[in-house]
Protein chains: 2
Amino acid sequence: MVKRTSHQDTSCPVARPLDAIGDGWSLLIIRDAFDGLSRFGQFQKSLGLAKNILSARLQSLIAHDILRTVPAGDGSPHHEYVLTEKGLGLFPVLVALRQWGDEFFFDRTEPRARLVDKERRRPVAKVEVRSAGGRTLTPEDTVIEMRQDG
Amino acid sequence: MVKRTSHQDTSCPVARPLDAIGDGWSLLIIRDAFDGLSRFGQFQKSLGLAKNILSARLQSLIAHDILRTVPAGDGSPHHEYVLTEKGLGLFPVLVALRQWGDEFFFDRTEPRARLVDKERRRPVAKVEVRSAGGRTLTPEDTVIEMRQDG
DNA sequence: CCGTATCCATTCCGATACTG
DNA sequence: CAGTATCGGAATGGATACGG
């Protein structure tokens with residue numbers, strides 16, 4: 001009878017998304033979607049998770065308007081899962097997380113997947129938090145305020 | 001008998017961190033830590049979660065070297081939980097997530113907590129992914145490559 | 001090839017009682 | 001105040017069987 005607490009009612013923009021992507025699989029599905037995967041089987045092969053779990057995660061991501069389905073490009077009677085605008089908005093989050101993982105979860109010699117600028121063939125720059133004027137901000141330079149409008 | 005799959009063995013820097021922060025509470029604890037909270041009771045009051053859960057999450061974050069304990073500043077016999085270097089490295093991730101939540105999980109009129117530049121009192125700029133040369137990159141501008149070194 | 005349905009083990013989480 | 005111990009219900013995840 002005790003419901004799991006949702007974060008939808010808080011006024012914190014960090015908390016609300018966690019109902020949608022705060023689990024072990026959703027971000028990996030989204031990562032694969034950014035990487036061009038779109039078919040059920042592709043996700044399952046890439047992630048190695050059970051089909052029922054994948055199905056549930058995909059439905060949840062669709063319900064949260066992060067993925068949507070489109071008719072399959074080939075003649076197959078199925079559909080493909082692609083990122084919505086909202087889902088595409090996660091790009092900086094995913095890149096920042098990738099860079100953090102790259103820095104703190106790998107030995108120096110260990111090979112890893114890296115995100116590179118397609119044109120220059122060089123790793124993307126480290127994501128930074130900047131002021132409106134362009135200055136790089138540290139955590140101590142910032143503070144939380146309640147704001148009504150944007 | 002079936003163990004939960006860990007992501008520590010993959011070569012993807014997005015996947016590995018998810019064992020540490022891929023749940024509903026860890027990122028919120030880290031958010032509070034960035035916001036200056038450090039005591040057990042402060043976290044519990046802020047998050048409203050059961051004490052045993054909070055305890056387990058704090059221990060997990062310590063085990064992952066994201067938080068560490070320091071002797072309490074006041075005379076109390078307890079300690080405080082503060083971010084490690086690794087934990088501080090999550091700042092861009094948290095800001096990017098915050099901005100995404102701000103954009104897609106709130107009505108325009110709804111009040112919300114905003115991260116502002118302490119000095120200028122203006123919202124921080126939108127986190128962007130940039131090339132080594134400074135150009136802003138979209139998802140289509142990038143691709144994953146396997147790299148051996150940094 | 002794409003999913004859905006079922007079953008079961010594990011984990012997570014909330015409430016509460018208890019110790020220092 | 002700061003935790004630990006215990007319990008029960010809920011959600012998650014894995015394996016597999018099955019229908020389109």
Side-chain angles (χ1 to χ4, degrees), chain A residues 1-10 15 18-30 32-33 37-64 67-82, chain B residues 1-10 15 18-30 32-33 37-64 67-82:
Chain A
M1 257 324 179
V2 184
K3 285 288 284 183
R4 207 105 146 196
T5 56
S6 161
H7 302 293
Q8 294 313 302
D9 302 333
T10 74
L18 293 182
D19 290 343
I21 60 168
D23 72 275
W25 288 118
S26 294
L27 275 178
L28 295 181
I29 295 172
I30 294 164
D32 278 353
L37 305 199
S38 65
R39 295 296 287 261
F40 190 92
Q42 291 178 321
F43 290 117
Q44 211 221 333
K45 182 174 181 181
S46 165
L47 300 172
L49 81 175
K51 292 195 286 187
N52 56 343
I53 305 295
L54 176 58
S55 181
R57 286 293 129 212
L58 289 172
Q59 293 310 315
S60 168
L61 289 170
I62 289 169
H64 284 101
L67 293 180
R68 65 191 166 89
T69 55
V70 298
D74 56 3
S76 82
H78 304 288
H79 43 249
E80 303 181 359
Y81 301 89
V82 299
Chain B
M1 261 314 197
V2 184
K3 285 287 285 186
R4 205 102 145 198
T5 56
S6 162
H7 302 293
Q8 293 314 300
D9 302 333
T10 75
L18 293 181
D19 290 343
I21 60 169
D23 71 276
W25 288 119
S26 294
L27 274 178
L28 295 181
I29 295 171
I30 294 164
D32 279 354
L37 305 198
S38 64
R39 297 293 288 258
F40 190 93
Q42 290 179 320
F43 290 117
Q44 211 222 333
K45 182 174 182 181
S46 165
L47 299 172
L49 79 175
K51 291 196 286 186
N52 54 345
I53 305 295
L54 176 58
S55 181
R57 286 293 130 213
L58 289 172
Q59 292 311 315
S60 168
L61 289 171
I62 289 168
H64 284 101
L67 294 180
R68 64 190 167 92
T69 55
V70 298
D74 55 3
S76 81
H78 303 288
H79 43 248
E80 302 181 358
Y81 302 87
V82 299

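Below, chains carry the letters A, B, ... as their sequence lines are ordered, and counting in each starts from 1.
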Mutual orientation of the aromatic rings belonging to F40(A) and Y81(A) [parallel < 30°, tilted 30-60°, perpendicular > 60°]: tilted
Below 4.0 Å: OP1/OP2 of dG14(D) and any side-chain N or O of T5(B): yes
Atom-to-atom span, CG of L28(B) to C1' of dC13(C) - whole angstrom: 14 Å
Quiz item: N52(A) side-chain donor-acceptor pair to dG3(C) base, under 3.5 Å: no
Side chain of F40(B) - closest among dT4(C), dC1(C), dA2(D): dA2(D)
Contact under 4.0 Å: H78(B) side-chain N or O vs dG20(C) OP1/OP2: no
5′-ward residue of the pair K51(B)/R57(B) relative to DNA chain C: R57(B)
H7(A) backbone acceptor or donor facing T10(A) side chain under 3.5 Å: yes
N/O (side chain, S55(B)) to phosphate O (OP1/OP2, dT4(D)) under 4.0 Å: yes
Contact summary for A20(A) and L61(A), nearest pair of heavy atoms: O-CD2, 4.1 Å
Nearest-Å distance for atom pair CG/C1', residues D23(A) and dA10(D): 16 Å
Contact under 4.0 Å: Y81(A) side-chain N or O vs dC2(C) OP1/OP2: no
Between C1' of dC1(D) and CD of E80(B), the distance in whole Å: 13 Å
Rounded distance (Å) that lies between atom P of dT16(D) and atom CG of L49(A): 15 Å
L47(B) CG to dG14(C) C1', straight-line distance once rounded to whole Å: 14 Å
W25(B) vs dG14(C): side-chain N/O to OP1/OP2 distance below 4.0 Å: yes
Exercise: identify the closest heavy-atom pair between T69(B) and H79(B): CG2-CD2, 3.6 Å
Atom-to-atom span, CZ of F43(A) to P of dC2(C) - whole angstrom: 11 Å
Between dC1(C) (P) and R39(A) (CZ): distance, integer Å: 10 Å
Protein-nucleotide distance (L61(A), atom CG; dT12(D), atom P), rounded to Å: 12 Å
Donor-acceptor pair between Q8(A) and D19(A) side chains, under 3.5 angstrom: yes
